[in-house]
Amino acid sequence: SWRWIFAVNIPVCLIAVLAARATMPEFGERKRRPVPVLALAFAATGLIALLIAFDRVTEWGWTSMAFAGLLVIGLSSLVAFVFAELRSEESLIEVRMFAIPAFALTMAIVWFITASQFGRLLFVPLELQLVHGVTPFASGLALLPAAIGTAIVLPLGGRLTDRIGPKWPVTSGLAAVATALFLLSRTSPATGISTIALILLLQGIGFGMAMMPNTITAMTVVPAPLLNRASAARSLNRQVAASIGVALLISSVVASLGSLTNEAGLPVDQVQASYNRVYLIAALAVGASLTLALRLPDRRAFTEFRSRP
């Protein structure tokens with residue numbers, strides 16, 4: 001059944017855990033610290049409220065009291081979390097990391113990269129099945145070129161960052177992602193599956209080129225004792241970005257189709273136009289993030305970060 005899409009990953013994860021323990025060196029600072037209970041409570045409350053709000057917004061509506069109430073609770077709790085962190089001697093995340101411009105930029109860029117990535121994984125298979133009439137298996141195969149492109153380019157992005165800094169690899173990767181999303185927004189029911197697969201290949205290449213240098217930069221610019229908390233903050237940031245970003249894109253589809261899967265049986269041209277609108281919104285958002293990427297460290301600034309004691 002559909003549950004196997006989760007169960008099949010259990011042995012893969014176990015192998016990854018064993019491989020990581022055997023091959024990855026220790027980084028950062030390791031010491032026992034008391035858990036800041038108050039900050040943890042504020043963070044948990046804020047994140048849970050926001051994730052529920054954006055998960056149910058298509059059902060409740062953007063102007064509903066339930067959504068507004070959870071939004072206020074979530075944002076207020078996160079503001080309280082920041083103040084609790086600043087006043088605590090033992091911080092949960094160390095929000096002062098965000099005062100490092102390059103780190104803050106990488107965290108913002110992750111939102112655009114992650115939202116576009118999860119948007120592709122959700123909307124392209126639905127479009128292929130609803131508009132082009134392909135099977136779920138075939139729609140999954142259409143995503144394979146993007147995965148291959150990402151796998152090939154990820155190591156290249158890291159090497160380029162070592163040689164020229166993160167600024168231009170991230171910028172070029174985001175430009176490729178934005179271009180691919182724009183091309184997807186111009187497709188029609190007559191567009192061939194092979195053409196869509198080539199566009200997805202471009203997006204996968206762009207994702208790989210942007211993601212690895214962005215991650216390397218974040219882990220380079222923070223002081224060594226904060227590496228573990230910086231890594232945790234990035235992981236959490238990516239998950240929140242995926243949830244909220246995809247929810248915003250879904251609301252656009254639901255607004256025009258009434259549901260994510262066209263339960264009303266509307267014409268394929270209308271369904272295609274709805275998905276194209278999502279791709280265009282994502283393309284404009286990723287394109288706007290280029291202004292952030294251009295502010296990342298160049299080769300000289302990145303070398304200075306790496307040469308710190």
Side-chain angles (χ1 to χ4, degrees), residues 24-57 62 65-115 166 170 211 214-248 288-289 291-293 295-297 301-302 304-309:
M24 296 189 69
E26 291 284 350
F27 288 102
E29 182 182 59
R30 183 185 294 271
K31 69 175 184 179
R32 290 186 177 275
R33 295 192 301 268
V35 176
V37 178
L38 184 61
L40 180 61
F42 282 137
T45 301
L47 291 173
I48 291 173
L50 288 178
L51 292 177
I52 293 176
F54 283 98
D55 180 63
R56 298 295 183 89
V57 67
W62 290 93
M65 289 298 295
F67 174 76
L70 285 175
L71 188 64
V72 170
I73 292 172
L75 294 178
S76 300
S77 298
L78 291 182
V79 170
F81 163 74
V82 171
F83 280 106
E85 284 282 277
L86 293 174
R87 298 180 62 181
S88 174
E89 294 182 2
E90 294 294 341
S91 60
L92 185 66
I93 288 182
E94 187 57 74
V95 295
R96 293 178 182 86
M97 292 186 298
F98 292 88
I100 303 172
F103 181 78
L105 284 171
T106 63
M107 294 290 276
I109 291 171
V110 161
W111 274 71
F112 298 98
I113 298 176
T114 303
V170 175
M211 195 62 180
N214 190 66
T215 301
I216 292 173
T217 304
M219 297 295 101
T220 300
V221 300
V222 297
L226 299 179
L227 279 176
N228 49 3
R229 280 176 277 184
S231 177
R234 282 184 59 82
S235 178
L236 177 62
N237 184 53
R238 187 167 58 249
Q239 298 302 320
V240 174
S243 299
I244 295 179
V246 170
L248 292 172
S289 72
T291 59
L292 301 177
R295 297 174 60 189
L296 288 172
F302 190 67
E304 291 175 358
F305 276 119
R306 301 192 69 171
S307 61
R308 293 179 315 182

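The chain is numbered in sequence order, starting from 1. Computed from heavy atoms alone, side chains included, the values below leave out hydrogens, waters and symmetry copies.
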Exercise. Taking only residues two or more places apart in sequence, or in another chain, which ones meet Phe67 in a ring-ring contact (aromatic ring centres under 6.0 Å, His included)?
Worked result: Phe54, Trp62
Exercise. Going from CD on Gln239 to CD1 on Ile244, what distance comes out if it is rounded to the nearest 0.5 angstrom?
Worked result: 12.0 Å
Problem set entry | Those residues that, when tested against Leu47, pass side chain to side chain contact (heavy atoms under 4.5 Å, CB included) (two or more places apart) | Leu78, Leu236, Val240
Tell me which donor-acceptor pairs under 3.5 Å the side chains of residues 105-115 have, and how far apart each pair is, sequence neighbours excluded?
{"residue": "Thr106", "atom": "OG1", "partner": "Phe103", "partner atom": "O", "Å": "2.6"}
{"residue": "Trp111", "atom": "NE1", "partner": "Asn237", "partner atom": "OD1", "Å": "2.6"}
{"residue": "Thr114", "atom": "OG1", "partner": "Val110", "partner atom": "O", "Å": "2.8"}

Problem set entry | Between CG on residue Leu71 and OG on residue Ser76, distance to nearest 0.5 Å | 9.0 Å
Seminar exercise, completed: Taken to the nearest 0.5 Å, the spacing of Leu40 CG from Glu85 CD works out to 9.5 Å
Seminar exercise, completed: Applying side chain to side chain contact (heavy atoms under 4.5 Å, CB included) to Ala66 and not counting sequence neighbours gives Trp60, Ser64
Exercise. Do any N or O atoms from the side chain of Thr45 and from the backbone of Ala41 form a donor-acceptor pair under 3.5 angstrom?
Worked result: yes
For this session: Examine distances only and state if a side-chain atom of Ser77 and a backbone atom of Ile73 form a donor-acceptor pair shorter than 3.5 Å.
Result: yes
Problem set entry | For the student: nearest non-hydrogen atoms of Val170 and Asn214, plus distance | CG2-N, 3.8 Å
Exercise. Does Ser243 have any side chain to side chain donor-acceptor pair (under 3.5 Å) partners at least two apart in sequence or in another chain, and if so, which?
Worked result: none
Seminar exercise, completed: Closest heavy-atom pair, Pro297 versus Phe302, reported as atoms and distance to 0.1 Å, is CB-N, 3.9 Å
Problem set entry | Under the salt bridge (charged side-chain N to carboxylate O under 4.0 Å, His left out) test, residues paired with Glu94 that sit two or more places apart | Arg96
Exercise. Is the backbone of Ala288 close enough, under 3.5 Å, to the side chain of Thr291 for a donor and an acceptor to pair up by distance?
Worked result: yes
Problem set entry | Heavy-atom closest pair, residues Leu296 and Ala102 | CD2-O, 4.2 Å
Seminar exercise, completed: Note: Thr217 and Pro166 closest approach over all heavy atoms is OG1-CB, 2.9 Å
For this session: Report the distance from atom CG of Asn228 to atom CD1 of Ile93, rounding to the nearest 0.5 Å.
Result: 11.5 Å
